Amino acid sequence: MNNILVLPMLLPIIVGVLLIFLRTYGRIQAWISLTAMALTAGISGYLLHKVQTDGIIRLDFGGWEPPFGILFVADSFAVLLVLTSSIITAICLSYALISTSKELQTMYFYPTVLFLIAGVNGSFLTGDMFNLFVCFEVMLLSSYVLLTLGNSKRQLREAIKYVSINIVSSWFFLVALAFLYGAVGTLNMAHLADRVAEVGQTPLLTTISIVFLIVFSLKAGLLLYFWLPGSYSSPPIVTSALFGALLTKVGIYALFRVFSLIFHHQPEITHTVIGIMAALTLIGGSLGAISFNDLRSIAAYNVVIAVGFILVGLAIATPAAIAGSIYYIIHDMVAKALLFLLIGTMITLSGTSKMAGMSGLMKNYPLLGWSFFVAMLSLAGIPPLSGFIGKVLISSAAIDNGSYVLLALSLLSSIFVLYSLLRVFKNCFWGETIVSKEEQLPLRRGVLIPCLVLVGLTILIGLGTESMSPYVTDAAETLVNPSVYIDAVLGKIQ
Amino acid sequence: MESLIIVLVGVLTTVAIYLVLSKNVVRVILGTAILSHAVHLLILSMGGLKLGAVPLLGEEAVNYVDALPQALILTAIVISFAVTAFILVLAYRAYQELGTDNLGAMRGSDDE
């Protein structure tokens, strides 16, 4: 019965393989992949409900009991992220269906997106460190392909850097895995947590954990984000939206999992380092976000700021802070997808990605303008929208914990987010219209629908925090008390 | 035996890093290939290089070889093979489009 757990990874792979044979039929591919993602979202919704009633579910592949085989473990944190990423992917795919070029539709775009989401969902669900590496690679290889699809010079140039950096960071991942296996002799996450707790987190293990920190920081864009703005701002906008919403979150998930489950015995070293890195990320991201005139670079630096903010929650590591981070991750996936899609629409309408080339869009496209306004408020964390609750929880936890520097930086970064987007809003939507009503490009019918759905989602998450809270509280509780996870995986064998 | 392999890993990593730091794309790719070989050897030696029997095929042997690192390496080799193939094609396409294989010339500017 637990076999359903494998579907969020298996379904996209099977459908993706199928779609390769339907290469020339762009629209059919789009509809099939959309259905597949909707189905995956439904399955993960069911899983979330089931985890809530039955506790953590696990699936041992091939019947090998942990710690021997590879397994998938579904706790609330993982399933919440699987659910959100499936929904976001479905929405991005519908945007692709409406807006993208014929070329992209027939160049294996849909199969690759499905493989990407398979890697993402696999990374969330896996309970084995090496399997995590494999899922990361599935995701990364798909992201390399997506980054180069479209074949512009800029994409190729950025792709070479992105791929090289990721190869090196995967190398670090393998080095860390090798040392970890040499040190404790297992790769099952729960078993690792158990062993590390048994021997105590010796300096050697702490060093290994720092190597993991470097690896996941490279993937998440925590401090080591130098590759991020270039590669997130060059591909077609749907791809950017998917990257901004999903890829960094996988790294963040891995950081949360590893540093709350396995290496949480020396918080004065590991969590301090994470805190410092988060602080520097906030500063760097804020400076980047206000220093560019290119809309896509601004959006990319906003991704960096969000990463820093979420990791502040991990650095503080109280239950409230972790819960705040989880709310904020979910919010950020929705809001970043929205931001990128809106900016993409603006770029298509005005034919340039520079702020200087746009003015007075509000007059011609009021709905687009108001959607951007909502996205801006949501990202800045204005109350009825989804970003608010995460900010409040993390900030209050920072006050309780006495981490005033982190508190100040995270709140200041919100102002920078607001300022950078307000600048876009003021320059592009206000002012005199450059094009007259007659000359304006028509906003293609339906292009705004995915954006409006995302706007609806961000409002819904903001207003429906109450109904989300049992799931998030449960997820945070599992993260704060690793024993829940360990017991669920290793059973009563120990 | 382990010490020998570890020294070899060190040498390979040194060579690989030298190559990765160069400006020529092909050299960087060769560097990453060597880099992955180094880490595969590292994983193998981390499992212990004892001279034991084949794992799980008989019951008489005193010493069994740990099978897990070999399984891990097998997977890692396949992945690094795929990634290397991809980046080679990417470098070729980039050379066709950009007309250079020098990473320094690929920096790009705001007004391309």
Side-chain angles (χ1 to χ4, degrees), chain A residues 67-70 128-131 133-138 140-145 147-148 151-188 208 230 233-234 292-294 297 353-354, chain B residues 2 6 9 13 16-17 20-21 25 28-29 31-48 66 68-69 71-73 75-80 82-101 103 105-112:
Chain A
F68 296 110
I70 292 172
D128 181 279
M129 282 310 267
F130 195 79
N131 200 226
F133 167 76
V134 175
C135 290
F136 259 89
E137 289 302 316
V138 170
L140 286 173
L141 208 52
S142 320
S143 74
Y144 304 156
V145 178
L147 185 54
T148 44
N151 210 7
S152 73
K153 286 184 179 179
R154 180 167 174 197
Q155 273 176 286
L156 288 170
R157 206 178 56 210
E158 292 302 331
I160 285 191
K161 296 169 201 163
Y162 178 74
V163 176
S164 326
I165 286 163
N166 273 305
I167 289 176
V168 174
S169 81
S170 297
W171 179 78
F172 271 110
F173 200 163
L174 278 176
V175 169
L177 281 175
F179 282 128
L180 191 62
Y181 186 72
V184 287
T186 179
L187 288 171
N188 179 302
I208 294 172
S233 61
S234 50
F292 280 91
N293 279 320
D294 182 88
S297 302
S353 65
K354 301 274 181 295
Chain B
E2 268 97 346
I6 290 298
V9 169
T13 311
I17 288 174
V20 166
L21 289 180
V25 177
V28 173
I29 297 172
T32 56
I34 295 175
L35 209 54
S36 64
H37 285 308
V39 77
H40 297 156
L41 282 176
L42 179 70
I43 297 177
L44 193 65
S45 53
M46 275 300 167
D66 187 355
L68 194 62
L72 302 186
I73 291 171
T75 317
I77 287 174
V78 175
I79 290 172
S80 82
V83 173
T84 309
F86 181 84
I87 194 175
L88 277 169
V89 175
L90 177 63
Y92 179 64
R93 278 296 294 151
Y95 176 70
Q96 279 186 329
E97 287 287 322
L98 304 168
T100 176
D101 62 349
L103 281 171
M106 289 190 194
R107 272 168 183 272
S109 58
D110 268 356
D111 40 5
E112 345 219 326

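Proteins come first, then strands; the chains are lettered A, B, ... in the order of their sequence lines, and each starts at number 1. The structure displayed is predicted, hence computed values, not measured ones.
For A:F133 and A:F136, the gap between ring centers reaches or exceeds 6.0 Å.
Chain A forms the most heavy-atom pairs under 4.5 Å with one residue out of B:T84, B:L103, B:L98, and that residue is B:L98. For chain A, the option among B:V78, B:V25, B:L68, B:V28 with the highest count of heavy-atom pairs below 4.5 Å is B:L68. The greatest number of non-hydrogen atom pairs below 4.5 Å with chain A, out of B:G31, B:A16, B:P69, is found for B:P69.
Using a 4.5 Å cut-off between heavy atoms, A:I167 touches chain B through its side chain atoms alone. Proximity to chain A is limited to the side chain of B:I79, based on heavy atoms less than 4.5 angstrom apart. For B:T100, no part lies near chain A; criterion is any non-hydrogen pair under 4.5 Å. For a residue to count as touching a neighbouring chain, one of its non-hydrogen atoms must lie under 4.5 Å from one of that chain's; by this rule A:Y144 touches chain B with backbone and side chain alike. Of the two parts of A:L187, only the side chain, counted from C-beta on, holds a non-hydrogen atom closer than 4.5 Å to a non-hydrogen atom of chain B. Contacts of B:I29 with chain A are absent, with no heavy-atom separation under 4.5 Å from either backbone or side chain. In this structure, the portions of A:L174 lying under 4.5 Å from any heavy atom of chain B include both its backbone and its side chain.
When each of A:T148, A:L147, A:V145 is tested with B:L90 by the rule side-chain contact (heavy atoms from CB on, under 4.5 Å), just one qualifies, namely A:T148.
Side-chain atoms of A:S297 never come within 3.5 Å of backbone atoms of A:N293 as a donor-acceptor pair (strictly under, hydrogens ignored).
Atom CZ of A:F172 is surrounded by 12 or fewer heavy atoms from other residues, nucleotides or ligands within 6.0 Å.
Applying the side chain to side chain donor-acceptor pair (under 3.5 Å) test to residues at least two apart or on different chains, the pairs with a partner in residues 165-183 of chain A are A:E137-A:S170, A:S169-A:K219, A:S170-A:K219, A:Y181-B:D66.
With contacts defined as side-chain heavy-atom distances shorter than 4.5 Å, the pair B:I6/B:S45 qualifies.
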- Item | Verdict with reasoning, A:S143 to A:L140, per side-chain contact (heavy atoms from CB on, under 4.5 Å) | CA-CA 5 Å; A:S143 74; A:L140 286 173; 4.2 Å; yes
